[in-house]
Amino acid sequence: MTFKEFDLDRSLQDGLEAMGFDKPTPIQEQAIPIILKGKDLIACAQTGTGKTAAYLLPVINHILHREGDSIDAIIVVPTRELAVQIDQQLEGFSYFTPISSIAIYGGGDGSSFDREKAALKQGADIIIATPGRLISHLNLGYVAVEALQHLILDEADRMLDMGFQDDILKIISHLPQDRQTLLFSATMPPKIRQLANKILKDSEEITIAVSKPAEGVFHAAFSVYEEQKLELIRHLVGAKELPSIIIFSSTKMNVKAIQKELQKMNLSADAIHSDLEQHEREEVLRDFRNRELQILVATDILSRGIDIEGISLVINYDVPNDAEDYIHRIGRTARAATKGVAFTFINKADQQKFKRIEDLIGTEIRKVKLPPHIGEGPIYSPMKKNRGKRKFNKKNFKKKKRS
Ligand code: ADP
Ligand code: MG
């Protein structure tokens with residue numbers, strides 16, 4: 001199907017076209033009609049599936065057909081980066097419309113607060129805000145929310161992880177009861193469902209099935225300190241006579257460093273990254289396919305799509321940024337119903353990110369103990385880490401929450 005079939009306002013369709021949006025993604029296909037009907041909605045789909053447009057388009061469309069010009073929609077998001085990013089997408093979609101919007105987040109100086117205040121008083125159509133900053137404004141009493149029609153909670157799971165539950169409820173206490181509430185999340189842990197039960201009315205639910213790792217992959221992870229990673233590679237690579245091994249890292253710099261270290265160890269290793277010319281990349285790939293090269297080190301440019309037979313081991317030198325990348329990376333092994341092994345190295349800083357991948361694919365990935373000669377790695381405890389960092393001094397706590 002195409003976006004035309006939603007019968008959106010002409011000006012909005014022009015915006016979509018300008019942004020190169022042609023076909024809706026599955027979450028958009030399912031969510032847009034429900035939101036256009038005015039129903040409450042809880043929608044779960046993993047990162048990168050187009051959730052932003054799924055709620056922005058029907059909400060903008062509604063605003064184009066309403067009377068009045070006070071605040072119509074508030075989008076609550078966990079971070080300022082996300083607020084800015086959503087505001088940019090919104091500007092793209094609404095380029096040919098008279099829709100006004102503002103992103104409101106912590107930090108900045110007094111003048112940014114005053115600018116936000118002015119926009120909130122006059123009533124921008126759409127407000128995109130982090131919880132703490134929005135509450136500061138709401139408490140001062142000038143935010144024109146009487147005619148609000150839409151509340152959207154984006155990345156709801158992350159907001160709860162960051163401890164924003166009470167703030168969200170406080171925000172809701174300021175808003176009219178008679179409104180449409182939309183909750184978007186990448187995962188659906190029980191606490192999200194509980195929140196939904198509390199704040200949604202007679203809601204619909206959409207869950208887009210997450211991709212799963214291929215059947216034949218044995219995947220496991222090591223909790224390691226950064227300094228232990230190279231030694232661990234040497235151990236894993238040396239343990240068996242494996243013909244073809246891929247090592248992924250998300251940065252080009254790491255890829256080059258790993259390649260150098262492996263070559264120093266006299267291993268047959270080469271690398272592929274974006275600094276190479278196309279013909280150089282092809283040459284490396286050819287050697288790897290022909291088994292003249294045992295170890296290929298690569299950034300994510302290789303994780304999607306490239307089909308190489310008989311890769312027996314995939315090593316994630318660092319945790320990929322999202323679950324899709326994880327699945328693509330480990331999917332390089334165990335192709336066509338063969339078996340393969342994939343190991344991920346989790347350093348302390350990556351623990352939270354790894355936990356999110358486990359949440360997304362819905363399984364806990366087995367953690368393997370480091371071999372004794374490498375020593376102990378850090379304890380894998382993604383939640384505790386955060387608690388330990390945060391000092392339980394009330395002022396500090398607030399500051400961190402109210403970003
Ligand atoms: P999510 O919120 O689910 O993580 P986003 O809404 O940020 O995903 O979308 C991810 C990327 O996909 C963005 O760059 C967005 O512009 C793009 N995108 C979303 N929907 C479409 C579409 N229908 N056609 C083309 N690109 C799209
Ligand atoms: Mg999103």
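Just follow the structure's listing: the first ligand is 1, and inside any ligand the first atom is 1. Here, residue 1 is the first one in the sequence, and each next residue gets the next number.
Within a 4.0 Å radius of atom 5 (P) of ligand 1, the protein has at least one heavy atom. Within a 4.0 Å radius of atom 21 (C) of ligand 1, the protein has at least one heavy atom.
Residue, atom and distance of the protein heavy atom nearest to atom 15 (C) of ligand 1 are Phe21 CZ, 3.8 Å. Of the protein's non-hydrogen atoms, Gly50 N, 3.1 Å is the one closest to atom 8 (O) of ligand 1. Given atom 1 (P) of ligand 1, the protein heavy atom at minimum distance is Gly48 N, 3.4 Å. Nearest protein heavy-atom neighbour of atom 13 (C) of ligand 1: Gln89 NE2, 4.2 Å.
With hydrogens and angles left out, the side-chain atoms of His219 and Tyr326 include a donor and acceptor closer than 3.5 Å. In this model, a donor atom of one side chain and an acceptor atom of the other lie less than 3.5 Å apart for Asp157 and Thr187. With 3.5 Å as the limit, one finds a donor-acceptor pair spanning the side chains of Thr344 and Asn316. Side-chain N/O atoms of Tyr317 and Asn254 include no donor and acceptor closer than 3.5 Å.
Distances from ligand 1 to the non-hydrogen atoms of Phe3 include at least one value under 4.0 Å.
Between Phe222 and Phe343, the angle of the ring planes lies from 30° to 60°, which puts this pair in the tilted group.
Between Asn290 atom CG and Ser244 atom OG the span is 10.0 Å, to the nearest 0.5 Å.
If you run side chain to side chain contact (heavy atoms under 4.5 Å, CB included) between Phe184 and each of Ile42, Thr52, Leu153, Asp154, only Asp154 comes through.
Atom numbering of ligand 1 starts at 1 in the shown order; those under 4.0 Å from a heavy atom of Lys23 are 22 (C), 23 (N), 24 (N). Close approach of ligand 1 to Thr49 is summarised as follows: ligand atoms under 4.0 Å from at least one heavy atom of the residue are 1 (P), 3 (O), 8 (O).
The shortest N or O to N or O distance between Thr52 and ligand 1 is under 3.5 Å.
With a 6.0 Å radius and a threshold of 12 heavy atoms from other residues, nucleotides or ligands, Tyr95 has its OH atom at or below the threshold.
At a 4.0 Å heavy-atom cut-off, ligand 1 touches Gln28 through the side chain alone.
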